[in-house]
2 protein chains.
Amino acid sequence: MTSSTTNKQPDITLAGCGYSRVLEIISNKWTALVIYALENGHIRYGDISRRVEGISKKMLTQTVRKLERDGLVQRHITPTVPLTVEYSLTPLGETLLQPMKELRQWGRTNYSHVEEARGNYDLKYSK
Amino acid sequence: MTSSTTNKQPDITLAGCGYSRVLEIISNKWTALVIYALENGHIRYGDISRRVEGISKKMLTQTVRKLERDGLVQRHITPTVPLTVEYSLTPLGETLLQPMKELRQWGRTNYSHVEEARGNYDLKYSK
DNA sequence: CGGGATCCTACGAGATACTG
DNA sequence: CAGTATCTCGTAGGATCCCG
């Protein structure tokens, strides 16, 4: 009941909006990149680490754990010596791929426009 | 040249990936919700404030300024007394709508599964 | 009405060192 | 190889007060 009385549109709540739910999952610094690395099937911990440039072990583990907890990623352990640990998307995780690819595509095709807009804005308001 | 020599897949770089570029734009706490509020055309500052539940003036202004700087949102000032300020998406901003709607839809239909997975995970590892 | 300016705090995330 | 454990720091973001 936070709406003004004449408001015909529903409120947008942080907790209830699909946006926030998804962003809660993929919006930290490395998550999307790790999912990207998992797009083509099973991949080992060390290989993710090498593919995702600049990620530390701490952040990789933390990211992959959170994704596992969210049911988007599976962990497969082979008890060789030393250990072999592979990760892959779950069926649920794979359903995220399509929307995320479109987002990525948007970034690729439109980011230059955003950068240009930033340049113009800064020029306009710097002096 | 950070790839292992036998790596056939390209590296995933933070700066170069479309994911990070988009997330840099929409991944903070309120941005997606504000864009959501702008979906149906022009809307006044105070009306956004009322529709997006819980947002403070500071965060609303900050969010909308950033979106303006990124070229996704336009600001229209009508010099009435007191001021009337309306916001709307730019053409560039509107191109973001489609991918974001799919993301939102994913959240709506799949978040319950994520919550369930979290419950199972916590049960499994709590003891 | 539509902001700006400050102060403050929790948390994301990097660096470094250790382990089964 | 695949992680854990600390320590530290910057910053997102909330609370509060002021302004044209």
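These figures come from a predicted structure and were not determined experimentally. So that the names make sense, note that chain A is the first sequence line, chain B the second, and so on, each numbered from 1.
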Practice item. Nearest 0.5 Å please: distance from the NZ atom of Lys58(B) over to the OG1 atom of Thr63(B). Key: 10.5 Å

Review point. Do Tyr19(B) and Thr31(A) get their side chains close enough for a donor-acceptor pair, meaning under 3.5 Å?
Key: no

Check your understanding: Does the Arg51(A) side chain pair with the main chain of Pro10(B), one donor and one acceptor, at a distance under 3.5 Å?
Key -> yes

Review point. Hey, does the side chain of Arg21(A) reach the backbone of Ala15(A) with a donor-acceptor pair shorter than 3.5 angstrom?
Key: yes

Point to revise | Minimum-distance nucleotide (side-chain atoms of Arg75(B) versus dC1(D), dC1(C), dG3(C)) | key: dG3(C)

Check your understanding: For Leu60(B) and dA12(D), what is the distance between atoms CG and C1' respectively, to the nearest whole Å?
Key -> 16 Å

Revision key, fill the gap. In whole angstroms, the gap separating C1' of dC1(C) from CD1 of Ile77(B) amounts to 12 Å

Practice item. Using a 4.0 Å heavy-atom cut-off, write out nucleotides 6-20 of chain C from 5' to 3' as B (base contacted by protein), S (sugar-phosphate only) or - (no contact). Key: -------BBB-----

**Study point:** Pair Glu24(A) + Arg118(B), salt bridge at N-O below 4.0 Å
**Key:** yes

Point to revise | Any pair counted as ring pair (Phe, Tyr, Trp, His ring centres under 6.0 Å), so long as it reaches residues 83-123 of chain A, sequence neighbours left out | key: Tyr121(A)-Tyr125(A)

**Study point:** Integer-rounded Å distance: dG3(D) C1' and Arg44(A) CZ
**Key:** 13 Å

Check your understanding: Please give, in whole Å, the distance from dA12(D) P to Ile25(B) CD1?
Key -> 15 Å

Review point. Which listed nucleotide (dG4(C), dG3(D), dC1(D)) is nearest to the side chain of Tyr45(A)?
Key: dG3(D)

